[in-house]
There are 2 protein chains.
Amino acid sequence: MPEGTPTIKDVAERAGVSVTTVTNVLYGRGSRFSEQTRERVLQAVEELGYRPNQIARSLVRRRSNTLGVVVEHFRGALMGNPYYSTLLDGILAEAVQSGYQLKIIALERPDPEHARLSAEDGSIDGAILAAPLYQSPLLQWVESCNIPRVVAGSSPQDLRAACVDVDDEGSVYAAVKWLIDLGHRRIAFIAGPTNYWSARQRERGYLRALHDAGITPTPHWIRRGDYSTLSGRQAMELLLQVRPAFSAVVSCNDWMALGALETLRRKGLLVPEDISVLGFDDVEAAAVASPPLTTIRQPVREIGITTARLLIQQIESGKPSTEHVIFPGELVQRDSVMPCSPEPPDRIKPRQRIRPRRRRC
Amino acid sequence: MPEGTPTIKDVAERAGVSVTTVTNVLYGRGSRFSEQTRERVLQAVEELGYRPNQIARSLVRRRSNTLGVVVEHFRGALMGNPYYSTLLDGILAEAVQSGYQLKIIALERPDPEHARLSAEDGSIDGAILAAPLYQSPLLQWVESCNIPRVVAGSSPQDLRAACVDVDDEGSVYAAVKWLIDLGHRRIAFIAGPTNYWSARQRERGYLRALHDAGITPTPHWIRRGDYSTLSGRQAMELLLQVRPAFSAVVSCNDWMALGALETLRRKGLLVPEDISVLGFDDVEAAAVASPPLTTIRQPVREIGITTARLLIQQIESGKPSTEHVIFPGELVQRDSVMPCSPEPPDRIKPRQRIRPRRRRC
DNA sequence: CTGAAAGCGCTTACAG
DNA sequence: CTGAAAGCGCTTACAG
């Protein structure tokens, strides 16, 4: 606050009452004051343009009414990653509705001590660890944290803290099983970076689904990208060299699937007639791709909302929780997947594009 | 802070020194203590797991080392709008680098008094008003604000506060002039919602460019959307009914341009052979659209960085500023624009797709 | 119905 | 080199 900002003392003096009385009327403590006093105080507040200093209030109440979102590995964390912004959106919506404000604690390094210093400093009532990387040191912090906290996004199953996430493995398992039911047997996989929990879990889902269907994948079936469109393009180029060819490819995220789509288009292959493509995330671009991408949507906003809700519950009840909330992924059927064609797509030949029915947009 | 959290007093007692001395060693006040004292204090800090309470510190120093980002009309502000997340990203990057943390102040209504209460409460050292709507009441607040502040995103030219923005009008003016230089004379416009400054400015740029080229647009040339893909689709359908047909269409943002692309594809028209399409923003989906969308990129992240920098300057110098920083837009040439074909595209006929050279991706 | 006083956990002159 | 004391702007028993 700049110098000269009116304080509660100024208000008290102007209204000719004590500061105790000012607090009482400001926060409406029952009938601890007369109507006349009330008016005098409110008038003084008005005339002075008084606004309570929340920092002072927080100090004595030991409550800041603020939630903290801690993100690690900040380089471009929010941008280029709609996951964070959507998550934040959900958290923010729930926080605002419950009367909390939000503080972003961006850590340059995933250092537990750094997190402790920034988060457990009285400025927030509880912390949300947003989408930690695989084996992040921050998970140790979160487990030994002295304030209410919950982890949003991929985290170990045995985490000793509350967390909210999508069922990465189960969703991919179900989707791959669906492809198999559509007749696909040769299903390639564009894997994601191994420092992401999500990438690891999704890969497990893929492998397990093949395994349960009695299909043995070989290393050639899997190409690893880094979640970028470019890496998806490159992975697809390599996969196209594998013989016999695949009838379907599952990508660990939409951006790589979009890159794969580009490669296929450039090579003159039709999607889904020649190859079915399945993504994950349902980013905005997926719906306007050509063809519109069939993908697995995770309810990121809902995850954010639930995360904030869980945190606020802990704060207001005073009871720590280690509840795990897992949302199912939702298969969004668009136009990039169709039943496996009996005709092997080994030979590349241009043909009339058949427009599949749009099922959802 | 939970009960029982060690305070500076506990550290002092354990180390057998005064609290003054503890502060001195913690914040390294020159040589106001012996090496031995220093070690004793640090050891006590370590043993107790002491972490300074920043709320108490903020109260006495009248500094929170926190920047506030105030956003109005919160419904889905961040999500569905990469502008906010990218802006936030830039702000965050600069803040972290300068040792500030970030607080998000989401206002349910654009009420100046509400803003004053939430922002001028001692919890932030300065405020960033992020992309206010056209004639937002928050602009009044920002002008009469008692703390350092800067507006990011579209705002009136005569704003009496610092602000950072892209040159919406000038960028569209230049791009439309470019289309005219490519031979286009009939250029339609998909306008944006009138409660956005950006939409209004871009429309002015379009009109002024036509005017300066001696072209008189009629109301039929302009269809208004709401920035969504769906509205772009609908606008394009209406525009296609106008005769004589257009050779180019400029969209007020990329999402509507993407919708327009869909409509054109469905109608069997080729882009850019039949109609050139130009977007604005360069969202991620623009690069992977088919064809990849030619668009005007605004340096949103840089705007965020500059905004934070301007704010921090004000905070640390103690001098308010009303500087306006305007970035030029950048034309990103992809594959959705080509010179106007001499052959009028009135009759729709399928033909071999000519792949234009890719100029940038 | 109202107010004096203690205290939240720090920092900062100031005196020694 | 070190510490007692005042104070940042509030809230909260507690006494009247």
Side-chain angles (χ1 to χ4, degrees), chain A residues 1-42 44-45 48-65 117 120-125 146, chain B residues 1-41 44-45 48-65 117 120-125 146-147:
Chain A
M1 313 280 282
E3 296 282 341
T5 307
T7 72
I8 196 174
K9 212 171 150 189
D10 298 320
V11 173
E13 272 172 18
R14 178 148 199 142
V17 297
S18 72
V19 294
T20 305
T21 298
V22 175
T23 331
N24 282 338
V25 353
L26 249 33
Y27 297 99
R29 296 266 184 291
S31 52
R32 295 195 177 182
F33 43 81
S34 67
E35 179 56 27
Q36 194 196 355
T37 306
R38 181 174 164 279
E39 273 171 16
R40 278 227 306 278
V41 168
L42 291 181
V45 164
L48 257 28
Y50 169 71
R51 291 174 301 279
N53 182 320
Q54 296 299 337
I55 291 291
R57 193 150 196 255
S58 296
L59 180 58
V60 32
R61 305 195 67 204
R62 297 153 174 280
R63 271 298 198 82
S64 61
N65 269 278
L117 237 40
E120 301 179 46
D121 66 352
S123 68
I124 58 176
D125 295 335
N146 280 319
Chain B
M1 314 280 282
E3 296 281 341
T5 307
T7 72
I8 196 173
K9 213 172 150 189
D10 299 318
V11 174
E13 271 172 19
R14 178 150 200 139
V17 298
S18 71
V19 295
T20 306
T21 297
V22 176
T23 331
N24 283 338
V25 352
L26 249 33
Y27 297 99
R29 297 266 185 290
S31 51
R32 293 195 177 181
F33 42 80
S34 68
E35 179 57 25
Q36 195 196 355
T37 305
R38 180 173 166 280
E39 272 170 17
R40 280 227 303 280
V41 168
V45 164
L48 258 27
Y50 169 72
R51 290 173 302 278
N53 181 320
Q54 296 299 337
I55 291 289
R57 192 151 197 255
S58 295
L59 180 59
V60 32
R61 305 194 67 203
R62 297 152 173 280
R63 270 299 197 82
S64 61
N65 269 277
L117 235 40
E120 302 178 45
D121 67 351
S123 68
I124 59 175
D125 295 335
N146 280 320
I147 57 174

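Computation of the quantities below employed the complete heavy-atom set of this structure, encompassing side-chain atoms and omitting hydrogens, waters and symmetry-equivalent molecules. Please read all numbers here as calculations on a predicted model, not as lab measurements. The chains referred to below are lettered A, B, ... by the order of the sequence lines, with proteins before strands, and numbering in each begins at 1.
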Participant: Write down the partner of C:dG16 under the Watson-Crick or G-U wobble criteria, each distance required to be under 3.5 Å.
Facilitator: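 When the pairing criteria are applied, D:dC1 turns out to be the nucleotide that pairs with C:dG16.
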Participant: Using only atom types and a distance under 3.5 Å, with no angle test, would you say the side chain of B:R38 pairs donor to acceptor with the backbone of B:V25?
Facilitator: no
Participant: Give the rounded distance in Å between these two atoms: CD of B:E35 and P of D:dC1.
Facilitator: 11 Å
Participant: Should B:N146 and A:T5 count as side-chain neighbours, where that means a heavy-atom distance under 4.5 Å?
Facilitator: no
Participant: Quickly work out the B:R51 CZ to C:dC10 P distance and round it to whole Å.
Facilitator: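 Distance, rounded to whole Å: 11 Å.
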Participant: Rounded to the Å, how far apart are A:L26 CG and D:dT12 P?
Facilitator: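 Going from CG in A:L26 over to P in D:dT12 covers 13 Å.
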Participant: Check the distance between C:dG9's C1' and B:Y50's OH and give it to me in whole angstrom.
Facilitator: 7 Å
Participant: Taking any heavy-atom pair under 4.0 Å as a contact, classify A:T20: base, sugar-phosphate, or nothing.
Facilitator: base
Participant: Whole-Å distance between C:dG9 P and A:R57 CZ?
Facilitator: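 So the two atoms are 17 Å apart, to the nearest Å.
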Participant: Using a cut-off of less than 4.0 Å, is there contact between a side-chain N or O of B:T21 and OP1 or OP2 of D:dT2?
Facilitator: no
Participant: Take B:R57 and B:Y27 through the side chain to side chain contact (heavy atoms under 4.5 Å, CB included) test and state the conclusion after the steps.
Facilitator: CA-CA 12 Å; B:R57 192 151 197 255; B:Y27 297 99; 3.2 Å; yes
Participant: Does the side chain of A:T37 get closer than 4.0 angstrom to OP1 or OP2 of C:dT2 through an N or O atom?
Facilitator: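 Yes, such a contact exists.
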Participant: Does a side-chain N or O of A:R61 approach OP1 or OP2 of D:dT12 to a distance below 4.0 Å, or not?
Facilitator: yes
Participant: Please check: side-chain N/O of A:R40 versus main-chain N/O of A:A15, any donor-acceptor pairing under 3.5 Å?
Facilitator: yes
Participant: Tell me the interatomic distance from B:I8, atom CD1, to C:dG7, atom C1', rounded to whole angstroms.
Facilitator: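 So the two atoms are 16 Å apart, to the nearest Å.
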Participant: Which part of the nucleic acid, if any, lies within contact of B:S58, taking any heavy atom under 4.0 Å across all strands shown: a base, the sugar-phosphate backbone alone, or nothing?
Facilitator: nothing
Participant: Would you say the side chain of A:R63 lies within less than 4.5 Å of the side chain of A:D125, judging by non-hydrogen atoms?
Facilitator: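 With C-beta onward as the side chain, the pair touches.
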Participant: For A:R38 and A:V19, take the nucleotide of DNA chain C holding the closest heavy atom to each; which residue's nucleotide lies nearer the 5' end?
Facilitator: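 Nearer the 5' end of the strand: A:R38.
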Participant: For B:R62 and D:dG9, is the shortest distance between a side-chain N/O and OP1 or OP2 below 4.0 Å?
Facilitator: yes
Participant: To the nearest angstrom, how far is B:N24 atom CG from C:dT11 atom P?
Facilitator: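 That distance rounds to 10 Å.
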Participant: Are any of A:S18's side-chain N or O atoms less than 4.0 Å away from OP1 or OP2 of C:dT2?
Facilitator: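 False: A:S18 side-chain N/O out of range (4.0 Å or more) of C:dT2 OP1/OP2.
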Participant: To the nearest Å, how far apart are A:Q54 CD and D:dC10 P?
Facilitator: 9 Å
